[in-house]
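Structure first, then comments.
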There are 2 protein chains.
Amino acid sequence: MSELTERQKDILGIIVGSYVKTICPVGSRAIAKSYRQELSPATVRNEMHDLEEEGYIKQPHTSAGRVPTDRGYRYFVDHLIAKEKLGPHVAALVAREYREHMDNIETLIERTSKILSTLSEQAGLVVFPAFEGLVLKRIELTLLGNDRLLVVWVTENGFVQDRIIDMKEEIPGEELIRMNQFLNEELRGMLLAEVKSYVLSKLAQAGDSLRVLYRTALDIIRDGFPKVEQRRLALEGSRYILEQPEFHDWQKSRLLFKTLEARDSLMDLVQGNRDREGVQVRIGFEHHCEDIWDCSVVTTRYRVKDRTVGTLGILGPRRMEYGKVIPLVDFVGRRFGEVLEQWL
Amino acid sequence: MSELTERQKDILGIIVGSYVKTICPVGSRAIAKSYRQELSPATVRNEMHDLEEEGYIKQPHTSAGRVPTDRGYRYFVDHLIAKEKLGPHVAALVAREYREHMDNIETLIERTSKILSTLSEQAGLVVFPAFEGLVLKRIELTLLGNDRLLVVWVTENGFVQDRIIDMKEEIPGEELIRMNQFLNEELRGMLLAEVKSYVLSKLAQAGDSLRVLYRTALDIIRDGFPKVEQRRLALEGSRYILEQPEFHDWQKSRLLFKTLEARDSLMDLVQGNRDREGVQVRIGFEHHCEDIWDCSVVTTRYRVKDRTVGTLGILGPRRMEYGKVIPLVDFVGRRFGEVLEQWL
DNA sequence: GATTAGCGCTCTAACACTTTGAGTGCTAAA
DNA sequence: TTTAGCACTCAAAGTGTTAGAGCGCTAATC
C-alpha cells in the first residue's frame with residue numbers, strides 16, 4: 001500500500017541492522033552518522049516520525065530511539081534484505097558432519113538439527129520425515145510373548161519405525177511367517193500412504209480363499225502403522241534462545257520453554273503454511289502460537305524423491321539476522337534432502 | 001563423627017522443611033514457634049550457632065536466617081527424612097499411563113520420563129536400556145543401494161535398534177539372505193553383550209569351509225552393533241527447574257541448559273555410582289558436574305530379568321522435597337522395569 | 001519545499017542516601 | 001541451662017538527584 005521512499009527504506013534498513021546487532025533502540029544521531037550521505041539528525045527524525053506513523057518502527061518509551069515492529073521486520077525481509085552468501089566453511093562443515101559417523105537416520109536428523117543450531121546460534125528444528133511419504137522396503141513381524149506383535153517397518157531410504165500391537169487372537173508361528181512373506185511380496189516398493197487402501201481394495205476383490213489372509217493383513221497394517229500424530233521432532237540448541245538478552249526476563253523464558261516442551265504446538269508452529277515453497281519466515285505475531293510471539297521461525301520443506309516429507313528450520317528471537325539465517329536454512333534443507341535420498 | 005542432639009536434629013529438620021517450602025532463610029523466632037515444646041529464640045540461636053559450626057547450616061549474609069548446606073541436606077536425607085507414602089492416585093496415574101497407547105519402547109521411555117517429571121514437578125530422566133544387557137530376538141539385514149547395509153536388531157522385549165554400515169565388498173542378494181538366516185540361527189536368545197565374543201570364538205574354531213561365513217558375520221556384527229556411547233536419554237520437564245526461584249538468575253539457568261544439552265555429561269551425572277543398589281541421592285557438590293552444583297539428582301536403576309540395564313530419576317534444585325521424591329523414583333523405577341519385562 | 005539548528009521537554013538509568021525490619025551475637029540475670 | 005534484653009549488622013525497599021540520550025517543534029536557512 002504505502003510506498004516508502006528510498007531514504008525511508010535506507011533508514012529502516014539501518015534501524016533493523018543496528019537493532020539486531022545491539023538491541024539498543026536506535027536514535028536519530030546514530031542513523032545520521034551511518035547514513036551514506038551527509039544528513040542531519042533532525043531530518044532523520046522527521047523520516048522516523050513518518051515510519052512510525054506507518055507502523056514500521058516504534059518507540060519503547062518517549063524519548064527513546066526506535067525499534068522495528070513486526071511490520072518493519074517483515075518489510076525488511078521482503079524488500080531490503082541482503083542475503084549473505086554462505087561462507088565456504090559452512091558447506092565444508094556440513095559436508096564433514098554428514099560424512100562422519102552417520103549411523104542411522106535418527107542420528108542424521110539429530111545432527112542436522114544441531115548443525116542448524118550451531119551455525120545460526122539459534123534453536124535448530126527438524127521434523128522427522130512423514131512416514132506416509134516414504135516407500136516401503138520391508139516389513140517384519142515378530143511375536144513378543146503370546147499376544148503381542150512387534151511390527152517393524154523399513155523404508156527404502158533406511159528409515160526404521162516400529163510399533164507393538166495387541167493381538168485379538170493368537171497366530172501360530174508358521175502362519176505368521178507366511179503372513180510376513182505375504183506382506184512383503186504384496187507391499188514392497190509401495191508408497192506407505194497407499195498401503196492401507198491397497199490392501200483394502202484387494203480385500204474387496206478377494207475370493208473366499210484369500211479373504212482371511214487379507215483380513216489379517218489389514219488388521220496388522222491398520223494397528224501396526226506408526227502413529228501420524230506422534231511424529232517426532234528434533235530440537236537442539238534451545239539454550240541459544242535463553243542466551244538472548246530479551247529472554248533474560250524470567251517470565252518470558254519460562255513461557256518459552258513451556259511451549260517448547262509441548263511438542264504438538266511446536267509442530268504446528270514449525271510446519272506453518274504447508275503449501276508454500278521455499279524458505280518461509282514467520283515473524284512474531286505472524287504465527288499463531290501466542291506464547292512465543294517474541295520469536296520468529298525460519299523454515300523450509302525438505303524432499304525425498306521430489307516428494308515433500310518434512311520441515312526443518314530455526315527458531316529464535318524476532319530480532320535475528322535474517323540475512324544470514326535464511327540462506328543457511330535454505331542450504332541445509334537442500335543438503336539434508338540429498339543425504340536422506342542418497343541412502344536409498 | 002559429630003553426633004547431633006535430638007533437639008539439634010529437630011531444629012535442622014525444621015530448617016530444611018521450612019526452607020524447602022519457602023526458600024526464605026529460616027530465623028530463630030520462626031523455629032521457636034514451630035518447635036513442639038516451648039523454647040525461646042535465644043536458645044534456638046545457640047543451637048543454630050553450633051549447627052553452623054558443624055557445617056549443617058549457614059547464613060547467606062550476616063543478620064539473615066539460616067539455610068541448609070549440602071551437608072545439612074545430606075544429614076536430613078540420611079537420618080531425618082520422613083519418606084512420605086505415595087498417594088493412591090500416583091499408582092493409579094502410572095497404571096493408566098502405562099495402559100494406554102503404549103506404541104513401542106521408545107514411547108514407553110518417554111512417557112515414563114514425563115510421569116517422573118509431572119509427579120515430581122522436576123525434570124524427569126530415563127536412560128535408554130543398555131542394549132548389551134538385553135537378549136537378542138532377531139536380526140535383519142537389508143541392503144540399501146549397492147554398498148550400504150541396514151542392520152536392524154530386535155530384542156526379546158521389543159526394543160528395536162538400527163544402524164547403517166558401509167560395505168567393503170558387495171554381497172549378492174541370496175548370500176545376504178543366507179547370512180541373515182545364519183545369524184538368526186546362531187545368535188537368537190543370546191545376551192547381546194556376548195554376541196561378539198561368541199562369533200569370535202566360533203571363528204577361531206571354524207574349519208576352512210565356514211571361515212568366510214563367520215568372518216563376514218563378525219564384520220557385520222562389529223560394524224552394525226549400535227554404538228554404546230550414543231546411548232539415548234529421555235529428558236522431560238526441564239522447564240520445571242527454570243520455574244524454581246533460584247534459577248530466576250539468568251546466568252544460572254543459562255549454564256544449566258547448556259549442561260542439559262550436553263548429553264554426555266548429563267549421562268555421567270545420572271548414572272552416578274553404578275555399584276549401588278536402590279535409590280541414590282546426590283546433592284549439590286556431591287556430584288562432579290560442576291555446572292549444576294545447584295542441583296540434586298535422585299536416581300535408581302531399573303532391571304529387566306534381574307539384570308540392571310538402565311537408570312532413571314529426577315533432576316531438580318538442591319532444595320527439593322526429598323521425602324516425596326525418593327519414594328516416587330523408587331516406585332516408578334520398579335514399575336518401569338516390570339512393564340519393560342512384560343513385553344517379553 | 002526540503003533541510004537544519006536550536007531549544008525545551010521527557011524519560012531512563014545510575015547513584016547516593018535513608019529507613020525499616022528481620023535476625024544475629026553477646027552478656028547478664030534467672 | 002535457659003532466657004531476656006540490647007546493640008549491631010545487613011538487605012531490601014523507597015526517595016531524591018543527576019546525567020544523558022533522544023524526541024518534537026519552531027524558526028531560520030538553503
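Below, read A as the first sequence line, B as the second, and so on, with proteins coming before strands; counting in each chain starts at 1.
When DNA chain C is scanned in the 5' to 3' direction for atoms under 4.0 Å from non-hydrogen atoms of chain B, the outermost contacting nucleotides are C/dA22 to C/dG25.
The distance between atom CG of B/Leu39 and atom C1' of D/dT1, rounded to the nearest whole Å, is 11 Å. Note: OH (B/Tyr35) to P (D/dT2) measures 10 Å, nearest angstrom.
Note on ring orientation: taking the six-membered ring where Trp is involved, the planes of B/Tyr75 and B/Tyr56 are perpendicular (angle over 60°, cut-offs 30° and 60°).
Of the side-chain N and O atoms in B/Thr43, none sit less than 4.0 angstrom from OP1 or OP2 of D/dT2.
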request  = Tell me, with the steps shown, if B/Arg7 and B/Thr43 meet side chain to side chain contact (heavy atoms under 4.5 Å, CB included).
outcome  = CA-CA 11 Å; B/Arg7 195 163 66 187; B/Thr43 316; 3.6 Å; yes
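Counting only distance, with no hydrogens or angles, the side chain of B/Trp293 and the backbone of B/Ile283 share no donor-acceptor pair below 3.5 Å. In this structure, the side chain of A/Ser117 engages the main chain of A/Gln122 through a donor-acceptor pair within 3.5 Å. A donor-acceptor contact shorter than 3.5 Å links the side chain of A/His287 to the backbone of A/Ile292.
Closest approach of B/Pro60 to B/Val67, counting heavy atoms only: CG-CG1, 4.2 Å.
A salt bridge links B/Glu243 with B/Arg239: at least one charged nitrogen is closer than 4.0 Å to a carboxylate oxygen.
Take B/Arg319 and apply the salt bridge (Lys or Arg N to Asp or Glu O under 4.0 Å) test, not counting sequence neighbours, and it matches B/Glu246.
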Nucleotide-resolved protein contact map, nucleotides 22-29 of chain D, B/S/- at heavy-atom distance under 4.0 Å = SBB-----
